[in-house]
Structure formats: structure tokens, C-alpha cells
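In what follows, every heavy atom counts, from backbone to side chain, and hydrogens, waters and symmetry copies are set aside. Computed from a predicted model, the values in this text were never measured in an experiment. Chain A is the first sequence line, chain B the second, and so forth, proteins listed ahead of strands; every chain is numbered from 1.
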Amino acid sequence: MLDTPKLPERHYLNNGHGLKSWLLTKDHKRIAIMYLISISAMFLLGGLFAGAVRLELMTPEGDLFLADTYNKMFTMHGVVMVFFFLIPSTPAVLGNFLIPPMIGAKDLAFPRINLLSLYIFWLGAAFFFYALFAGGVDTGWTFYTPFSSFSSNTNVIPTALGAFISGFSSILTGLNFIVTIHRMRAPGLTWFRLPLFVWAHYATSLIQVLGTPVVAITIIMVFVERAFGFGIFDPTRGGDPVLFQHLFWFYSHPAVYIMILPAMGVISEIVSTFSRKTIFGYSFVAFSSLAIAVFGFIVWAHHMFVAGISTYSALVFSFLSFSVAIPSAVKTFNWAATLYKGAISFETPMLYAYGFFGLFLIGGLTGLFLATLGTDIHLHDTYFVVSHFHYIMVGGAIMGYLGGLHFWWPKLVGRMYSEFLSRVSAILVFVGFNLTFFPQFILGYMGMPRRYHAYPDEFQVLNILSSAGAGVLGIGYLLPVIYFLWSLKRGEVAGPNPWGASGLEWQIPSPPPTENFKVQPVVHGEPYEYTPHVAREANLV
Amino acid sequence: MGSFGIPLFPEQASTFARDIDALYFFIVATSAFFALAVTVAVIVFGIVYRRRHEGEVGARIEGNLPLELLWSVIPTMIAMVMFGWGASSYFHMRTPPAEALQIYAVGKQWMWKFQHLEGQREINELHVPVNRPVKVTITSEDVLHSLYFPSFRTKMDAIPGRYTQLWFEATKVGEYHIFCTEYCGTNHSGMIGKVVVMEPDDYQAWLAGGGVEGTLAERGQRLFQDLACGTCHLDTGKGRGPSLNDIVGKTVTLADGATAVVDEGYLRESIVNSQVKIVQGYQPLMPAFQGLVSEDNLVALVEYVKSLSPQATTQAPAGATAPAADPTKKN
Amino acid sequence: MSNAVAHAEAHGHAVPHDALQHHFETMQQQKEASTLGMWVFLLTEVLFFGGLFFAYLLYRVWYFDAFAEASRTLDISLGAFNTAVLIGSSLTMALAVRSAQTNQRSATVRWLISTIVLGCVFLGVKVIEYADKFEHHHVPGPNFVSESVWAAQEQIFFSLYFTMTGLHALHMIVGVGVMSVVTWMAAKGRFDEHYYTPVEMTGLYWHFVDLVWIYLFPLLYLVERHN
């Protein structure tokens, strides 16, 4: 195409103006944009809390904040990031926006429920903000009993209710995706022609639908204990605080896969597009998503190897935990093999994908230390664990999310961002992340426990490194805000398919019209077809 | 140990440390190998197969089944080695030797209280002899805590309402950290202390130094009298409660026909929740002492009852003793 | 021509039904989506109650005697009456769905109202039972009173009793609310033999709530009533 592309005259962004046209919309794309704005704000807030934590930890003495303040900082960092950023991130923004066009549908199966899920998310966030302004909460995001039920004197109830309510937003999103993927696919789009992004979201949705209600009821049990003096986990009445941990991790371990699986889906799309090549071992990558979702449900007690569970159950759960490692390894190998004999280019999304490889590899492999019983006894609840899950949930999940955001940004708004700044940001995030979290592995093996406001002097050097890295990381995360906002008005018009990608979503204008497709598409080919012919065709719309 | 002034490993000060560190290095080496292999592959592919002109597309390679199987099976086998090694270390760490020296630890917001059988009680400091297995029975007075000895490479949660255990054998005289690793509120990071490993002679001298209240069992005996336990638990076995002589380590039959092994956890539960496991032939007459006796004193009572069974080896099952989780119990 | 369009024509809906939402191709597709969505929702509900059932199971095994004793304070006849009421309401609900399916508007409304009434009767009985528990200080917490040696563990039973039956009652209240809307829609003539999905979905939900009670009744009221 020689002539410069123009924005389409009518698209979902200019179809209706004013606040009301947004707040009452049933368009999955507009809902996705509202999610994007909401969770970006939450990410910023969670980042501020993280910054406060890192500032405090630059010195061994607890001299910046009071111990209680510090405890609230890390608790609210965790609550915001887990419940109000990571869990909704890729599914509610990218999944919401992209699943219908990827499968040739006009919308999700239940547009009103989709909007409802956003309102529920806001309601949950409102409860959290109430807790925040009423003085915060200090239980840790895990709400372990009996501390949360009778010892803490902070705002546990509103925070727990906030997490409870936002859980329903997640359930409804998952439910909507499952039904949409089952019932709304375009003719000819068989299961094995689905983009791997959709497979990943299908697996994620299964976890959201099956896991989230369990943590919801667990929060209710803590709620009735705290609010009415009931005693389900109360040891003085014969209750078992460890039961809480079982129920909590039955959800919260799979919840890690709610965060990482969609990111894996994003990486599959990016790797294929930027190497102009079909994914190596499509069905292995697709089924590994399902395997991770299923195995994710049977490994929860590896969070409890030193919580007094019996030796034999520890053996079983250690064994099962390794089973999750295998599909993750398979995915990684398949991505690497996809690059072989590709036609690879390194625009920003691909840089993020490469960053994902590095961080997810480290994050996944360090999981082996924690699945292994002997080493876990030493490492449990130390900074090693903190670092491990940040490598997965920040390194993996956020790299995937940001990579996806950069990849589909032209589809979302129809314009390109600054390629230079975005590459700088991708590199800053990668370097800053490693500088922040790699020292924490060493701190963990040295024995520094997590959630410590003050620590012995010998840990200081590594903590300073980590805090310095956090500064770099913060800049890396802030840059996209600037150039994304800039791109809204000034960015170069992208055209429908700036990357020459093969998916259905690239065959409609950018930004797409409200109904996505003017006529229902019919799918004939296999996914990820990059022949010179198809590549040419993909650029013609 | 350290490099460039940055410490990398805590001191190896127990018999576990060497094994756990070796396991750690094994996993580090394996991980490094795979991480490097994938990293080198993606970088080399990225350079060799970079896009040279617009419109170039990659080769159509859909997959390779033998390769997929290879990289599924090999990691699985390596993972099984890790599992096996880790499991055997874990078993070892969860099975205290019978001759281990017994010490009790009670976690409380925000301190660790240790009690020695000879009567010494210390807070946030624990004195132990070198080259001798030490078993620590742990509980909590309020919320969850976790007793962590990084230099010994072991830890165990302190759980209110039940006893958990860990053991170690220190190999080097010196002072090492004790941390609380389960978040427990405001001063969680202040709930730290030191373990002092001493030569056996020094340890004996230290033991002789304290203990104005007599041994732990003697303190327990006084409590036993103060609480009037002896009015029912007669030595003759004809009291309203069973005789407590020579019961530790034995298996008792409960009122509902189930059985229970008498260990520290059972004794503690039989005091605080006396009605849960009534020995067959007795009435549930004993009051529940939940909330009436502190965990420190419960430890003394338990130790006194144990002293009535001089032959018994109180080898509690590995791991923890759940409150009433007796799998043999029938409805 | 896509398969979906061909499918629609085979069913003879050349003119789209009023209730067909724009993003679906056919009524059939819309209905299948709703049904699958409802079943997935019920699956989450199973896991939601599942957490409580798991806690119940654990403590019942640990403290069977306490559970048996606490269970005896519940009024078995009220519980049995409520069970009958709820099963009856499932019948009226099923009849409502059948009437909607066969396009009998007034019968649909009648059966829906009967279901609502039966639901309210259940809730009324529950209020009586709760009031009785408050009166006898059987509500766990600082005001709990029990002479039993099992006083502590009985509180676990009552904690679970109130949480389980409370959440169940909440589901009933939601069901009654939803059904009122559906009744109003039915009275307005929104449904016909091609479109009665809301009635059917409400029915699925109501049967689920009924089913939960079928489990709750023996687990809570009949712990040791066999001898």
C-alpha cells in the first residue's frame, strides 16, 4: 500500500460522545478501554506503595515509616496489584477487546454482563479505597487467620469485601469468555484454528470460574468471624487456622495462572507475528495452557510445606508441583523453536516478548527451588519467594501485558506510538526489573524473611541495589503513559494491519467499527499462515 | 562466604546445611543450563534469521513430534531427580532422632520464648550444645509465627492450638540469627533473636546457671497441684480420670472406639479441650482449660506428665499433630 | 454464505425475533449461549458452597459429638417442612417453564407467583428458626451460651449453620427478586415459544438453590437422628 492510511470515518471511539455513551455502553471495546484506564490507575497506586516499601528498605533500621505504616504499605501494594491490577489486566483489557474480533464475533456473548463486571470491579475498588482512606489494612494480601480475624485492628472487613466483590467481576469476565469462545466463533473457525491467545484465555477463564468462588467463600468465612464473632478458623474454639490456608491457596495458587496464562497467549501472538511464521507445535502450546490450568488446581499445598501439614501430603504436593513446570517448559521451548528459520524483526512488542523470555525463564526455574521440599524449608517466606513470584507475576505477566498493549495499541486507537521511546521503555523495564529482583534471590537464600520492616545490617548492600533497580523500573513503566497519551492525537495513523499479522482482528479497520465486522467472516485457512501471498492479502482490506 | 563484599550464603552451621546447599547448587546449575540454552537459542535465532527485507516470511514449520516429546520427557526426568533428592532431605529434616534434646518454643506477639527441660527460660535467645540433635516443639500463644534458623536451613510454623516440631544438629560454635518468617503484625521484623551454639561443657555450665524454679517438669508438677489435677488423676487408676503413669507413647482407646497415640500434642489437647478425646471408660467431667493456662504453663504440664513415663520415648509422628485430626476416628 | 445464516433460514426465521440481540446470528445461538452461561454460573456456585461444605466435612469428622449435639437443637419439623416447601416450589417452577414453553401466558404468571409465594414461605420459616436461635443464645460469638462440654466446638457448628443457611437464604432472596422481574415480563407478554430463556434460566437457578438445601437439610439437621 503506497498511499498513507487514514483513520476510518466511523469507529467505536467516535460512535457516540459524552460520558453517558461510555458508561452505558455494551461495546466490549469501550468496556476494555474503561478497564484499561481503571487498572492503569490502580497500577500507579500499587507502584507508589511498592516505591514506599523499597524506600524504607534502603536502610536496615525501620526509620522512614512506623512499623504499622510499613505493614500497611506492603499489604496495600499486594492487594492493589493482585486483585485490582494483575487479575483483570490482560483478560479484562486485551481479552475483552480482542476475543470477539479474533473469533469473528460482533461482541462477547453477554455484553450487559460485561459492563456489569466493570461496575462490580469499580464497586470492589470503592470498598478498597474506603479501607485506604479509613487508615489502611495490615494483614498482608493473604489475609492469614487468626491474625486477620482477631489480631489486626485495621480495616480488614472493607478490604476483604473489596477483594470479594472484585472477584465476581473476574468470575463474570471468565464466564463471558467461556460462553463466547464456545458459541460465538465464526463459521469455519474450528477449535484448532483459534489463535493461541484465545486458547490461553479459555484456560484462564476456567480458573476464574472454578477458583474464584472458593476464595470468595473463604473471605466470607473470615468476614463472619471478624464481623459477628463466628469461629470457623478460631483455634480457641477448636477451629483450624491452617484450613484457611488450604482454602485460600486453592484459589490463590491457580490465580497466579490467571495472571500468567493470558500473558503467555500474548507472547504466542507476538512471536508468531514478528517472526512471520506459524507457532511451532500449535497443539502442544494450546494444550499446555489447559494443562497448566488443570494442574494449577492440585498444587496449592506447596505454599504450606512448613505449615504443619503431614510429611506425606507434602511429598504428594511437591511431586504435583513439578507437573506444572513441564507444560511451562514446553511452551518456552516451542516459542524458541518458532524463531528458528523465521523472518524476525524487533519492533517494541518483540522486545517485550524477548524480555518476557528472560524473566519468565528465571521466574519459572526458580519455582523449582520452591517445589523441591528440601530447599523450600529454607526458602519459604524469605525474599527468594518474593523475588520468584515477582519474576512470574511482574516479569512474566506484566511484560506480556505491556507487550500486548504495544502490539495491539494501533488496533485500540488506530495510531502508532513513538517507536524510539517504546524501545527505551522496554529495555529500561527489563534492566530495572532484573536489578530490582535478582538481588532478592540472594537475600532470600541469605535468609532475609519477607515482610520485614527492619533487617540486620548484612542485607543492606543487596537491598540498596534492589531499591535502585526499582527506580529504573518505575521510569520504564511511566514512559509508556507519556507516549501512549501522545499517540492518541499525534501518532502516525497505523492502518488496519501495521505489523502484517495474520489474525482476524487485523483484517478490520483500526480502530474497529462498533460491530467489528460488517458481514460475518468465514474462516477457511489455518491460523498463523504467513506465505508471501497471505502476507500481501493481510495488508489489503 | 561472599564475593565483592556481598554475602551470598548464610553460614553452614548445621548437619542439614551442606546437603541443602548441595541440592541448591544442583538446581542452580540445572536451571542455569536451561536458561542459557534458551537464551542463546533465541538470541542466535534473532540474529541469524532477522528479517532482511519487507515482505519476507518465515519457513512453514508446524512442529516436530519427536522434539516435543524429547523436551517434555527430559525436563520431567530432571524434575524427578530434584523431587527425589528434595523429598529425602525433607524426610530427614522432619524425623527427629529419638535421643534429641527437647526444647519448647512458644511464639507470642512479638517474641520467642524458649524453655529448657532443666528449667531455664529465655526470650529471643536460645542456647544449644554443638554436635547434638535438638528437637524444638513449637506452638503459638496468639497468631501464626514461624521459627526460622537460616544457618541451620530449617524452619517451622508456630500454629496456635497445636504443636509442631523441627530439629537440627548444630555443627559450629557461634551465634546465628533466629527470625520469625510468618507475618504476625506490627513488630514482625522485631521478632528476631539469636541462637547460641556452645561447646557441651559450656552448655552444661550455662544450664547450671539458671533455673531458680527447678526443672520444667518440677514447675509442671507445681501447676499440677495448683490446678488440683491430682484429685481425679489418681496414681492408682481408680480416680475419676485415668492414671497418668506410663501413658506417654502408648496407644489409648477413646470413648468412641477410635485410638490415639499419647504424645505432646495429645496431652496438650487433653488439657485445653479435654472433652475431645475421652479415654474409654471415663466420663467427660474434666473442665476445658482453654484460655485458662498459658502456653508456657501447658508446656510445663505436658513435660511433667511426660516425666511420669520414664521409659517412654515420646516420638511424636513427623510433622505436626493436628488438634483432632485422627484419621481412625469413626462417626 | 456462512453456515450460521443457512442454519437460521432452515429454522424459518427470515424475520429476526424481537428478542434477538444484535450480536447473535440466530435465536438458537442466543439460547445456547444463555444456557451454557447459566450452567457455568451454577458451576461457580457449586464451588462457592463447596468451600463451606469442605470446612463442614473437616470439622464434622474432627468434632462429631459436638456436631451431633448442636444439631439436636435445630427444629427438625421446621426443617422438614421447609424441605417440602422448597421441593414444591421446584415443581411450580418447572410448571412455569413448561407454560412459557407452550406459550400459555397466564399459566406462566400463575406458576411463577406460586413459586415466589413458596419461596417467601421458606424464608418466613427461616426467620422463625433464626429468631429461636437468637433467643436461646445459639448464635456463635460473645453471647453464645451452651451447657455442653462441647461448647467451644458447637460454635463451629453454628458458625457453619448460619453461614451456610444465611448464604442459601440470600440466594433465595435474589431468586425471588429475579422471579418478580420475570413474572412482570411474562405478564407483559415478552415470552413466546421461541423466546422464554429468562424463565428457563431462572428455573435452572431456582432448582440449584433447591438442590443446595437438599444437601443442607440432612447435613445440618440430621447429624445423628438415625438412632
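Aromatic ring orientation, Y340(A) versus Y49(B): perpendicular (interplanar angle above 60°, classes split at 30° and 60°). Taking the six-membered ring where tryptophan is involved, the planes of F91(B) and Y312(A) are perpendicular, since the angle between them exceeds 60° and thus also 30°. Aromatic ring orientation, Y452(A) versus H188(B): perpendicular (interplanar angle above 60°, classes split at 30° and 60°).
Minimum heavy-atom separation, T186(B) to A67(A): O-CB, 3.4 Å. Here the shortest heavy-atom pairing between D381(A) and E182(B) reads OD2-OE1, 3.4 Å. Among all heavy-atom pairs drawn from F333(A) and P75(B), the shortest one is CE1-CG, 4.0 Å. Of all heavy-atom pairs between F83(B) and S318(A), the closest is CD1-OG, 3.2 Å. Of all the heavy atoms in G374(A) and S89(B), the pair that sits closest is CA-CB, 4.1 Å. Closest non-hydrogen pair, K155(B) versus H380(A), comes out as NZ-O, 2.6 Å.
Residues R276(A) and E54(B) are paired through a salt bridge, judged by an N-O separation under 4.0 Å between the basic side chain and the carboxylate. Taking the charged nitrogens against the carboxylate oxygens, R162(B) and D240(A) do have a contact shorter than 4.0 Å, which makes a salt bridge.
Of the atoms belonging to D19(B), not a single heavy atom falls under 4.5 Å from chain A. The part of E526(A) that comes within reach of chain B is its side chain, from C-beta onward, which places non-hydrogen atoms under 4.5 angstrom from that chain. Only the side chain of R60(B) comes within less than 4.5 Å of a heavy atom in chain A; its backbone stays farther off. Of the two parts of I47(B), neither the backbone nor the side chain holds a non-hydrogen atom closer than 4.5 Å to a non-hydrogen atom of chain A. If you measure heavy-atom distances from A325(A) to chain B, you find no contacts under 4.5 Å at all. Within the 4.5 angstrom heavy-atom criterion, only side-chain atoms of I192(B), from C-beta onward, approach chain A. Neither the backbone nor the side chain of S328(A) comes within contact range of chain B, judged by heavy atoms closer than 4.5 Å. There is no contact between T154(A) and chain B, counting heavy-atom distances below 4.5 Å. Neither the backbone nor the side chain of V48(B) has a heavy atom closer than 4.5 Å to any heavy atom of chain A. Neither the backbone nor the side chain of L66(A) comes within contact range of chain B; no heavy atoms are under 4.5 Å apart. Looking at C180(B), both its backbone and its side chain come within 4.5 Å of chain A, counting heavy atoms on both sides. When heavy atoms are compared at a cutoff of 4.5 Å, F233(A) does not approach chain B at all. The contact between H177(B) and chain A is made entirely by side chain atoms (from C-beta outward), counting heavy-atom distances below 4.5 Å. Proximity to chain B is limited to the side chain of L361(A), based on heavy atoms less than 4.5 angstrom apart. In this structure, chain B has heavy atoms under 4.5 Å from both the backbone and the side chain of F369(A).
The candidate from Y445(A), Y70(A), F280(A), Y455(A) with the greatest count of non-hydrogen atom pairs under 4.5 Å with chain B is Y445(A). Interface summary for chain A: among I43(B), L23(B), N273(B), the most heavy-atom pairs under 4.5 angstrom belong to L23(B). For the set V44(B), T30(B), V28(B), the entry with the most heavy-atom pairs within less than 4.5 Å of chain A is V28(B). By number of non-hydrogen pairs under 4.5 angstrom with chain B, the leading residue of V242(A), T332(A), I362(A) is V242(A). Highest contact tally toward chain A, considering only L65(B), I20(B), T154(B), T39(B), is held by I20(B) [criterion: heavy-atom pairs under 4.5 Å]. Of the listed residues Y282(A), F150(A), F346(A), W335(A), the one with more heavy-atom pairs under 4.5 angstrom with chain B than any other is F346(A). The choice from R50(B), R153(B), R52(B) that makes the most heavy-atom pairs within less than 4.5 Å of chain A is R153(B). In terms of heavy-atom pairs under 4.5 Å with chain A, the best-connected choice from E56(B), E68(B), M191(B), M80(B) is E68(B). When each of G342(A), S283(A), S323(A), A314(A) is scored by its heavy-atom pairs under 4.5 Å with chain B, the top score falls to G342(A). Ranked by non-hydrogen atom pairs under 4.5 Å with chain B, the options G281(A), S275(A), G140(A) are led by G281(A). For chain B, the option among G358(A), P456(A), P241(A) with the highest count of heavy-atom pairs below 4.5 Å is P456(A).
In this structure, CD1 in I61(B) is found 9.0 Å from OG1 in T338(A), a value given to the nearest 0.5 Å. For the atom pair CD (Q109(B)) and OG (S151(A)), the distance works out to 3.5 Å, reported to the nearest 0.5 Å. T164(B) contributes atom OG1, which lies 12.5 Å from atom CD1 of I309(A) (distance to the nearest 0.5 angstrom). Here Q290(B) contributes atom CD and T236(A) contributes atom OG1; the two are 5.5 Å apart, rounded to the nearest 0.5 Å. Remark: M82(B) CE to L373(A) CG distance equals 13.5 Å, nearest 0.5 Å. Rounding to the nearest 0.5 Å places CG of L69(B) at 5.5 Å from CZ of F284(A).
Contact of the M93(B) side chain with the I377(A) side chain is registered, since non-hydrogen atoms from C-beta on lie closer than 4.5 Å.
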Evaluation steps, side chain to side chain contact (heavy atoms under 4.5 Å, CB included), between T76(B) and F322(A): CA-CA 8 Å; T76(B) 309; F322(A) 283 104; over 6 Å; no
Kindly indicate, with the supporting measurements, whether the criterion side chain to side chain contact (heavy atoms under 4.5 Å, CB included) is fulfilled by N187(B) and H453(A). CA-CA 8 Å; N187(B) 276 327; H453(A) 168 232; 6.0 Å; no
Would you check, one step at a time, whether the test side chain to side chain contact (heavy atoms under 4.5 Å, CB included) holds for N334(A) with W71(B)? CA-CA 9 Å; N334(A) 277 299; W71(B) 66 43; 3.6 Å; yes
Give the C-alpha distance, both sets of side-chain angles, the deciding distance and a yes or no for side chain to side chain contact (heavy atoms under 4.5 Å, CB included) between T366(A) and S31(B). CA-CA 8 Å; T366(A) 49; S31(B) 303; over 6 Å; no
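Ring centers of Y183(B) and F147(A): under 6.0 Å apart, within the cut-off. Taking the six-membered ring where the residue is Trp, the centroids of Y24(B) and H378(A) are separated by 6.0 Å or more.
No side-chain donor-acceptor contact under 3.5 Å links E62(B) and T278(A). In this model, no donor atom of one side chain and acceptor atom of the other lie less than 3.5 Å apart for Y90(B) and D376(A).
Heavy atoms from other residues, nucleotides or ligands lying under 6.0 Å from CZ of R18(B) number 12 at most.
A distance-only check finds a donor-acceptor pair linking the side chain of Y354(A) to the backbone of V42(B) [under 3.5 Å].
For a heavy-atom cut-off of 4.5 Å, chain A lies close to D142(B), V143(B), L144(B) in residues 138-145 of chain B.
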